[in-house]
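Notes follow once the structure below has been shown.
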Amino acid sequence: MKILKFYTETCGPCRLMAAIVQKVSTEYEVELESIDASQDERASQYKITAVPTFVLVSEEGELDRKTGVVPYPQFKDWVDEYR
């Protein structure tokens with residue numbers, strides 16, 4: 001399982017979420033891939049319309065997604081739900 005983190009350099013909420021996402025991915029040993037939505041074609045592949053957007057992906061494909069600022073406890077619970 002991995003987390004795709006879609007962001008842009010100028011996104012304030014993306015910067016707020018950076019530490020939360022990093023901490024949760026480290027705690028659960030989940031691979032984290034940061035993708036600049038303004039530069040990477042995968043943003044359209046995943047139909048990203050807002051940032052930050054987080055896509056939880058298993059080897060079988062997309063499991064779920066969250067968009068916007070998500071407090072640490074809720075983000076952690078979200079990832080834990082799919083472990």
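The structure presented is a predicted model; accordingly, all values stated were derived computationally and were not measured.
Screening residues 69-78 for side chain to side chain donor-acceptor pair (under 3.5 Å), with sequence neighbours left out, gives Glu27-Tyr72, Asp64-Trp78. Applying the ring pair (Phe, Tyr, Trp, His ring centres under 6.0 Å) test to every pair with at least one member in residues 17-39, sequence neighbours left out, gives no pairs at all. Contacts classified as ring pair (Phe, Tyr, Trp, His ring centres under 6.0 Å) and involving residues 1-26 (residues at least two apart or in different chains) are given here: Phe6-Tyr46.
Under the rule for a side-chain contact (heavy atoms from CB on, under 4.5 Å), Glu81 has no partner lying at least two apart in sequence or in another chain.
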Could you list the donor-acceptor pairs under 3.5 angstrom formed between side-chain atoms of residues 9-23 and any protein atom two or more places apart in sequence or on another chain?
{"unit_1": "Arg15", "atom_1": "NH1", "unit_2": "Glu9", "atom_2": "O", "d": "2.9"}
{"unit_1": "Gln22", "atom_1": "NE2", "unit_2": "Thr26", "atom_2": "OG1", "d": "3.3"}

Pairs of donor and acceptor atoms involving the side chains of residues 48-61, under 3.5 Å and at least two apart or interchain, shall be tabulated with distances.
{"unit_1": "Thr53", "atom_1": "OG1", "unit_2": "Ala50", "atom_2": "O", "d": "2.5"}
{"unit_1": "Thr53", "atom_1": "OG1", "unit_2": "Thr67", "atom_2": "OG1", "d": "3.2"}
{"unit_1": "Ser58", "atom_1": "OG", "unit_2": "Glu60", "atom_2": "N", "d": "3.2"}
{"unit_1": "Ser58", "atom_1": "OG", "unit_2": "Glu60", "atom_2": "OE1", "d": "3.0"}
{"unit_1": "Ser58", "atom_1": "OG", "unit_2": "Gly61", "atom_2": "O", "d": "3.3"}

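Here CG of Leu4 is found 7.0 Å from CZ of Arg42. Values are rounded to the nearest 0.5 Å.
The hydrophobic cluster containing Val69 also contains Leu32, counting ILVMFWY residues as joined when their side-chain heavy atoms lie under 4.5 angstrom apart, directly or transitively.
Salt-bridge annotation for Lys2 and Glu33: present, with a side-chain N of the basic residue lying under 4.0 Å from a carboxylate O of the acidic one.
The neighbour count for Gln45 CD, taken as heavy atoms of other residues, nucleotides or ligands under 6.0 Å away, is above 12.
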Evaluate side-chain contact (heavy atoms from CB on, under 4.5 Å) for Ile3 paired with Val79, printing each intermediate quantity in order. CA-CA 9 Å; Ile3 299 170; Val79 173; 4.0 Å; yes

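Taking all atoms of both residues into account, the shortest heavy-atom contact from Arg83 to Met1 is CG-CE, 3.7 Å.
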